[in-house]
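Everything on this sheet refers to the single structure shown next.
Residue numbers begin at 1 in each chain, while the letters A, B, ... track the order of the sequences. Side-chain atoms are counted along with the backbone in the values below, which use heavy atoms only and exclude waters and symmetry mates. What you see is a predicted model, and the numbers here were worked out from it, not measured in a lab.
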Amino acid sequence: MSEFQSHALMLAQQSKGLAWLNDAKQACANLWQAEKWPTRKTEAWRYTSLQSLESTLWSVPSEAQLDGLPDELMALDATRLVFVNGNFSSQFSSELPESLTLFSQASPAEQQAILTKFNQVAKVEKHLFSQLNTAALGEGVFLNLSANQRLEKPVYVVYIHTDTGASDYVGSRLLVSLETSAEAVVIEHFITLSDASPMFNAVTELDIGENAKLKHYRISMESEQSLHLGSVHAALHANSQLTGFTLATGSRLKRIDYHVRHVGSGADLDLQGIYLPKHNQRVDYHTNVEHCVPHCTTNEVFRGVISDTAKAVFNGRIHIHQDAQKTLAEMSNRNLLTSNRAEINTKPELEIYADDVKCAHGATISQLNDESLFYLVSRGISEAEARVMLSFGFVNELVENIAVEDIKVWLRPRMAKAFGQNDDVVRHLIHD
Amino acid sequence: MFVSDTMLKINDLCAKVEDKEILRQLNLEVKPGEIHAIMGPNGAGKSTLGNVLSGRPGYEATAGHIEFKGQNLLEMDPEIRAREGLFLAFQYPVEIPGVSNMELLKASVDARRAHAGLEEYSAIDFMKMAREACKAVNLDQSFLKRGVNEGFSGGEKKRNEIMQMMLLEPSLCILDETDSGLDIDALQVVANGVNAMRSADRSFIVVTHYQRLLDYIVPDYVHVLANGRIVKSGDKSLALELEAKGYSWLENEAV
Amino acid sequence: MSEQVESLIRKEYSAGFHTNIESETLPPGLNEDVIRFISAKKNEPQWMLDWRLKAFKIWQGMEEPQWAHVKYPKIDFQSISYFSAPKSLADRPKSLDEVDPDLIETYNKLGIPLHEQEMLAGVAVDAVFDSVSVVTTFRGKLEEAGVIFCPISEAVHKYPELIKKYMGSVVPQRDNYYAALNSAVFSDGSFVYIPKGVRCPMELSTYFRINEMNTGQFERTLIIAEEGSHVSYLEGCTAPQRDENQLHAAVVELVAMDNAEIKYSTVQNWYPGDEQGKGGIYNFVTKRGICHTRAKISWTQVETGSAVTWKYPSCILKGDYSIGEFYSVALTNNYQQADTGTKMIHLGKHTKSTIISKGISAGKSQNAYRGLVRMGPTAEGARNYTQCDSLLIGDRCGAHTFPYIESAHPSAVVEHEATTSKVSDDQLFLCQQRGLDAEKAVSMIVNGFCREVFKQLPMEFAVEAGKLLEVSLEGSVG
């Protein structure tokens with residue numbers, strides 16, 4: 001066991017327990033304990049070091065108060081759930097509809113419902129940090145839609161960290177279950193209010209029933225010093241649809257995994273991602289899409305702009321099992337390097353065991369296109385502004401696809417500012 | 001705005017692209033209000049001229065002098081040339097997905113006005129102007145919100161260039177083979193746009209391979225560019241002569 | 001999948017037979033004494049023995065790599081014999097006439113008549129029968145040009161300075177498990193030296209053949225192209241049928257000095273095992289070249305053989321403006337497994353690499369492309385273009401793509417594309433409707449799929465490669 005590995009077990013004991021989840025927690029603690037700690041020779045961690053987890057005394061923070069809602073929140077007409085340092089804040093949250101349940105407030109019947117779904121979509125034995133997440137689980141959210149139920153408003157889950165002076169471990173858990181033909185929009189948003197360096201460990205499970213539709217947005221724009229180990233696990237049943245969007249700025253350590261399994265015929269996945277590390281930040285996206293059954297489609301697009309001395313990793317895997325005939329799967333990964341010392345490592349993988357499939361992937365790495373740059377400059381735009389516009393445009397193409405207008409409105413200026421050193425070069429991109 | 005009675009004065013301009021000498025001692029003078037057509041065979045250096053004037057990287061002036069409204073053009077960065085009023089309508093306009101036409105237009109017009117010490121247009125006023133410009137070149141207003149040239153047809157791209165030109169109100173407009181690949185209707189739209197902008201203090205350099213465009217944009221002068229220099233100049237009748245006789249009879253004169 | 005395709009895949013290995021030549025073969029096992037024996041048998045100088053022993057020590061401390069997408073029973077390296085030589089070689093033949101008639105007969109069966117090839121193709125042949133070079137032709141003509149083309153065992157004696165300087169300079173002893181093993185026990189192989197400014201007057205070619213039961217084959221090839229020189233090297237193989245798996249771990253090192261060009265082409269047709277996946281060659285090869293300023297190395301391979309292939313011909317683009325190319329066709333059938341691809345390591349400015357990989361999987365085979373493109377922090381203006389396409393014939397095979405793309409320079413441009421599709425019944429039907437039989441149709445589709453690679457091969461090889469694919473797929477349709 002590594003130092004962190006054994007230390008983390010103490011975290012698990014610190015977390016306030018929900019007795020009815022003890023078996024699951026203990027099982028994951030056991031798995032965690034038995035794991036061989038990854039090194040740079042471990043294929044899944046080839047490009048990202050876990051060194052920054054070590055030599056820190058992580059602890060589970062106690063309840064913290066906020067003076068008010070931070071400005072950073074999206075202005076959304078949504079059912080809002082606010083967590084502060086891992087604890088639910090009823091003060092800042094909406095009244096929860098019946099379909100939304102906090103783990104800590106679950107009735108015995110709801111507990112039973114959660115237990116039948118919990119860690120079913122997430123394959124914890126295969127995902128290291130989901131083990132820790134479960135072992136140290138304090139609170140969670142359960143969104144449960146019955147057949148044909150359609151949520152009026154999006155569910156907006158905000159995970160806020162506010163400085164406590166300690167090295168905080170902030171766990172979070174979201175379990176979404178959509179039964180046949182249900183529909184929902186879910187937004188997960190990670191925020192830090194200081195320059196402190198908390199560690200987020202977030203696990204999301206999405207069980208999307210037959211013909212159900214889910215739009216899931218995951219925005220992770222925390223402070224530079226923060227650490228973030230996150231994963232989204234999804235199971236797509238027959239004819240269901242998952243539209244996923246994920247955006248991450250960089251930080252000291254940021255690793256986000258998507259594990260999606262097509263388990264019913266006719267399922268459709270559309271997954272788009274943006275990563276924008278700068279300074280000395282890191283971002284590592286790993287996606288794994290399993291086509292287990294025939295007639296499913298995957299369209300995956302990830303784009304990154306890597307600046308300064310930042311490093312990014314994209315590892316996208318599409319696995320077509322033997323029975324998954326008539327699969328259509330495409331994956332595209334494009335990267336812009338905007339500095340001499342920026343780095344990108346990309347690995348788009350296809351593993352195909354069925355013959356009647358159409359699969360393609362593409363990856364590019366380049367810098368800004370000279371032609372485009374000159375086009376803007378020849379119109380009188382300064383080179384600095386032109387560069388920002390082009391970098392922005394490169395990823396904005398994906399943002400334009402977001403179906404929830406308010407997210408776009410919120411995201412645009414923040415994304416622009418991620419590229420611009422001063423307001424002057426971003427102001428033409430910030431408008432309504 | 002400026003006192004010189006010359007818009008553009010090119011003296012003995014030599015230019016190379018990737019170590020290849022393209023322009024060889026080219027001379028040209030353009031006065032305010034004039035339209036000059038530059039014609040010539042493929043590879044003569046027509047597009048190079050527009051690129052050197054607008055300051056495209058990779059196009060290096062190795063000798064000679066260019067005066068633009070009394071200033072040394074070659075000393076200016078490309079964006080300063082644009083802000084001073086030099087506009088190049090590209091032969092192959094670039095697609096920039098993710099950046100809307102409107103964003104590009106506002107940024108460039110703001111930059112040009114700030115350079116001239118003028119107030120920025122308000123977003124509302126500018127929107128009105130942009131819509132007018134769209135109408136003038138027969139582009140749907142939805143084009144303002146679309147990515148720059150993204151998915152535009154060839155004709156739409158060229159009309160988009162003219163729309164940008166209208167909003168930027170340049171003093172010298174260089175049209176680089178704007179007519180290539182256009183059908184007759186689109187050609188007319190482009191020509192109408194140019195003609196509407198003709199004024200006593202604005203000049204045009206129209207680079208074209210075909211005489212056809214000049215039926216619609218009637219030039220004051222026609223120059224033949226061959227082997228990197230102007231080998232013959234005349235009035236619009238020269239264009240008709242070229243149409244009939246081709247270029248080969250002139251090319252020898254350049255050597 | 002149509003039955004026709006199925007039967008086309010079920011084509012027996014036509015080069016399957018066994019030649020009886022009495023061999024002088026070491027009993028199985030590997031230890032320092034075996035290495036001393038090999039070295040002594042070759043009458044090697046002390047420094048060569050020391051080099052081998054050092055490699056052996058390194059190898060002992062290494063573990064067999066597990067990362068490739070291949071599965072095979074664990075190899076018992078102690079059950080392999082590490083030296084065998086045809087006995088009649090004790091008196092080295094002075095000309096082709098002196099060569100063991102049995103051996104000549106072997107080549108004839110394979111359709112590689114040496115005399116004819118010599119005359120017709122103008123190709124110099126350094127034929128390896130098991131572990132030792134038997135015959136080298138055209139030596140005279142090459143010597144005239146100053147080109148050295150000889151068995152590496154001979155070069156150890158005649159050109160020790162070149163061997164000392166370059167052997168292990170591209171593939172160090174500790175590079176990987178199999179390279180270390182090869183460094184310890186390498187049997188023989190080719191040595192090529194092209195002097196400054198010389199354009200090698202002919203294609204250089206070596207035919208390898210594995211013959212002895214339980215014999216590992218450990219060739220080692222070293223090609224040095226001095227400044228401004230040019231050479232095209234052809235490697236081709238075929239092996240007789242047998243039941244026991246044979247290990248093959250070769251090392252090929254290429255050195256292209258400033259402005260030099262090396263073209264290395266391989267047609268590999270080793271015994272792939274039978275329809276049940278029994279037998280066949282294990283092929284674990286390390287091939288790598290280093291390019292100095294404005295040099296170019298081009299790897300072209302057509303792989304249809306071996307039960308397990310582990311092979312990544314690579315280029316280190318060290319010099320500015322150097323060029324690396326990799327063109328590959330890998331066809332797997334029955335239970336064959338291939339994990340092959342390339343590494344392009346860009347260090348110099350404005351270096352350029354192109355990777356075109358065509359994988360064809362049939363039967364129950366697994367075919368993986370694994371490639372690395374690395375743009376180092378000094379690789380200003382470097383470019384890579386990669387295209388890997390997979391074609392599936394049948395629903396029980398696998399086609400996989402594992403590209404690793406790393407860039408640490410913003411002005412480096414990398415483009416990678418990959419597609420996977422199948423020979424569809426529709427395509428087949430279209431061809432048939434136009435009057436082609438199914439076999440011809442599949443062959444045409446596959447040939448079309450591979451065209452970009454075939455056109456990189458020297459003429460005489462292109463024909464052979466086309467034939468080889470046809471043979472490998474023959475009978476799978478109609």
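Counting non-hydrogen atoms of neighbouring residues, nucleotides and ligands closer than 6.0 angstrom, the NZ atom of B:Lys9 reaches no more than 12 such neighbours. Around the CZ atom of A:Arg341, the shell of radius 6.0 Å holds no more than 12 heavy atoms that belong to other residues, nucleotides or ligands. With a 6.0 Å radius and a threshold of 12 heavy atoms from other residues, nucleotides or ligands, A:Lys278 has its NZ atom above the threshold. Within 6.0 Å of OH on B:Tyr92 lie no more than 12 heavy atoms contributed by other residues, nucleotides or ligands.
Listed in order of number, the residues of residues 390-399 of chain A that approach chain B to under 4.5 Å between heavy atoms are A:Leu390, A:Phe392, A:Gly393, A:Phe394, A:Asn396, A:Glu397.
For chain A, no part of B:Glu84 is nearby; none of its heavy atoms comes within less than 4.5 Å. Using a 4.5 Å cut-off between heavy atoms, B:Leu104 contacts chain A through both its backbone and its side chain. Neither the backbone nor the side chain of A:Glu400 comes within less than 4.5 Å of any heavy atom of chain B. Contacts between B:Pro170 and chain A at a heavy-atom distance below 4.5 Å are absent for every atom of the residue.
Between B:Phe90 and A:Phe374, a ring centre-to-centre spacing shorter than 6.0 Å is recorded.
Note: A:His428 NE2 to B:Lys106 NZ = 5.0 Å, rounded to the nearest 0.5 Å. With rounding to the nearest 0.5 angstrom, the CG atom of B:Leu168 is 9.0 Å from the OG atom of A:Ser378. For the atom pair CZ of A:Arg427 and CG of B:Asp110, the computed distance is 5.0 Å after rounding to the nearest 0.5 Å. Here CZ of A:Arg379 is found 9.0 Å from OG of B:Ser54. Values are rounded to the nearest 0.5 Å. From A:Tyr375, atom OH reaches atom CG of B:Asn149 across 4.5 Å, with rounding to the nearest 0.5 Å. To the nearest 0.5 Å, the span separating CD1 on A:Ile381 from CZ on B:Arg83 amounts to 9.0 Å.
Note on B:Arg56 versus A:Glu371: salt bridge recorded, some NZ/NE/NH1/NH2 to OD/OE distance being below 4.0 Å.
Per-residue counts of heavy-atom pairs under 4.5 Å with chain A were compared for B:Pro78, B:Ala111, B:Ala82, B:Pro97; the largest is that of B:Pro97.
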Task: Verdict with supporting geometry, A:Leu376 and B:Val148, side-chain contact (heavy atoms from CB on, under 4.5 Å) - done: CA-CA 10 Å; A:Leu376 295 184; B:Val148 176; 5.5 Å; no
